[in-house]
Amino acid sequence: MSQFWKPGTEKPRLIDDEEGGVLFLTASASSSSSGYGFASIEKQRQRLPVYKYRTAILYLVETHATTIVVGETGSGKTTQIPQYLKEAGWADGGRVIACTQPRRLAVQAVASRVAEEMGVKLGEEVGYTIRFEDATSTGTLIKFLTDGVLLREMMDDPLLTKYSVIMVDEAHERSISTDILLGLLKKIQRRRPELRLIISSATIEAKSMSAFFQTSRRRRGLQDAEPALAMEPAILSVEGRGFNVQIHYVEDPVSDYIQAAVSTVLLIHDKEPFGDILVFLTGQEDIEAAVKLLTEEARDNRKSSSGLIVLPLYSGLSRAEQELIFSPTPRGKRKVVISTNIAETSLTLEVSDIENLVVAPISKASARQRAGRAGRVRPGKCYRLYTEEYFVNEMATEGIPEIQRSNLVSCVIQLKALGIDNILGFDWPASPSPESMIRALEVLYSLGVLDDDAKLTAPLGFQVAEIPLDPMISKMILSSNQLGCSEEVLTIAAVLSIQSIWVSSRGIQKELDEAELRFAAAEGDLVTFLNVYKGFLQSGKSSQWCHKNYINYHAMKKVVDIREQLRRIAQRLGVTLKSCDKDMQVVRKAVTTGFFANACRLEPFTHNGMYKTVRTSQEVYIHPSSVLFRVNPKWIVYHSIVSTDRQYMRNVATIEPSWLREVAPHFYRQDGPDPMLH
DNA sequence: GAGCACTGC
């Protein structure tokens, strides 16, 4: 039998760290034999740093309402802790152990790893749930899910009663859903004293997290029940398995950071014996510039840069181009990967031999995470293109939590649906600004989702909350019912919920533009999507057809999939499936009922394609990727804005100005700015 | 005639 702590047996030895009660286990756990008959996997599990803390973790979870585990990547906490809990009986009696992740990919990867370690079929004892995909069964004991999915589950079961332990992993990333989840879990704890929380974080912002979860016994109504349960969160540190990474700083600030990155790569190549190089830059443009510089250098000056294989890495590249970075480096060559922050968290580079790393300014936490990428398989070096003084004095410790810099419309409606009426008084781990809250409430009110008392309206508000999409899109779907164009609008909604349906690759811009023209609709991008979708279906969902038309086949498969899910949800909410055939007027009208707040009017007399938002008179332009770029119709609504040197509207549709007051009379009041002018 | 990155329901 594996060794673990049981209530009533001798406690593991723990010492209090002087710094704020951080607990370290001093006893070394004795090795145990496998109880599963998978000796090699069991051995692997025991080699993970977290294994030493198995007993301590189980002890702390047993005796504390909340346990905060601080551990670097590679400590094994994500895969092991849920298994420890299961082995200790936390999944007995029909209870389930939950472990949340911020990203879908991580959910799937971790779940399949744990299923493999336990020797069970994925979807049975070990399962996972992500949006549009549920791989669990009634026998699931350990369930991995995105934090967003767990929030959705709270709509049906506000106290999350089936879970005995909820582990919130990667809490340091501070995604909006993680923050909402933490706030709500704190509330649940008061009603469910038997529930245990594990907050797992890679950085030592554990103290603020600990302060957040500090609750008094009286407040939780626990004067008599569970007297042994500590209300103060326990904090446990688990070391990672990373190797030492030597940090280098520049002596003086650099002015041209692309040039500095290129020079540093050449310097490393010249001075260091072996190992690949990973460079972080900010965006696609800078990356292509750096790749070009390095490639030119390789051509002009063969001596200093021969043997370099330069590879860009950003989300816009095709899957095949991205996968080049995983190809083994030939003998005598050195691979240089020049990447966006996609390599910071999203891609697993553990298997590649990264020795050196160059970094551009970000937060300290991010910088540490990037440096950590150099020490995954052996000791590495990290070259920072800023001074040590800058790192120590200027750089923010953590990035700003997403909730303090984002649109809160979805977040507010979700809290409303969970019965949290006093949104402004909600107990957040990091409070969003009241202004952004009020802006979100305004939009929801104008959509008709909230009433004068800021309560969800019936049925619209509850229906919108039920659909797992941006409330503006949900509203568009629901209003398509009366307009008789639900088939078309569901397609638009599905396309809007994926990144892009076009292939994105370097050097084919012209072909791509031409392909786009074949589908372009005068009514704008959203109607263009309908043409593409129709063509895809007519081709028999052919990948060749996609290839020929520069359309991303995998994206289209996803669109079909998501559309099917949305169709089911919409029908459940009483939307009748109906096509408007060729009548695009009703489609545009449905779009307007969702996106009226994003209405813009072309500025007359400027002739440079400048628009102003009807509501706030902000200067905006149509994005160059839009089919209406340079067409500049007078009145449009946009789906989203990208801010670069200008504010660019992405995915636009033409509208009639008279519709604005028709679909949102309170928003475009008679006494307000008159959209009918001109 | 021009494009910041990434994530989620």
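Rounded to an integer number of Å, the gap from Ile287(A) CD1 to dG3(B) P is 16 Å. Taking atom CG of residue Leu415(A) and atom P of nucleotide dC9(B), one finds them 17 Å apart after rounding to whole Å. Going from atom CD1 of Ile498(A) over to atom P of dG8(B) covers 14 Å, rounded to whole Å. When the P atom of dA2(B) is taken as reference, atom CE of Met610(A) falls 14 Å away, rounded to whole Å. Between the CD atom of Glu288(A) and the P atom of dA5(B) there is a distance of 11 Å, given to the nearest Å. Summarising the geometry, the separation between CD on Glu173(A) and C1' on dT7(B) is reported as 8 Å, rounded to the nearest angstrom. When rounded to the nearest whole Å, the span between CG of Leu151(A) and P of dT7(B) equals 19 Å. Ile562(A) has its CD1 atom 12 Å from the C1' atom of dG8(B), to the nearest Å.
Contact check, Thr146(A) against dC9(B): a side-chain N or O comes under 4.0 Å of OP1 or OP2. OP1 and OP2 of dT7(B) both lie 4.0 Å or more from every side-chain N or O belonging to Arg174(A).
Residues Phe595(A) and His639(A) bring their aromatic ring centres within 6.0 Å.
Side-chain atoms of Arg103(A) lie closest to dT7(B) of the nucleotides dG3(B), dT7(B), dC9(B). For Val149(A), counting side-chain heavy atoms from C-beta on, the closest listed nucleotide (dG3(B), dC9(B), dG1(B)) is dC9(B). In this structure, of dC4(B), dG8(B), dA2(B), it is dC4(B) that holds the atom nearest to the side chain of Val642(A).
Heavy-atom minimum distance, Thr146(A) versus Pro102(A): CG2-O, 4.5 Å.
Taking the six-membered ring where tryptophan is involved, the planes of Tyr621(A) and Tyr648(A) are tilted, since the angle between them lies from 30° to 60°.
Of the options Val168(A), Ile166(A), Val69(A), Ile97(A), a side chain to side chain contact (heavy atoms under 4.5 Å, CB included) to Ile198(A) is made by Val69(A) and by none of the others.
Using a 4.0 Å heavy-atom cutoff across all strands shown, Arg630(A) reaches at least one base atom of the nucleic acid. Residue Leu469(A) is classed as a base contact, given a heavy-atom separation below 4.0 Å to a base.
A search for ring-ring contact (aromatic ring centres under 6.0 Å, His included) contacts involving Tyr550(A) returns nothing, not counting sequence neighbours.
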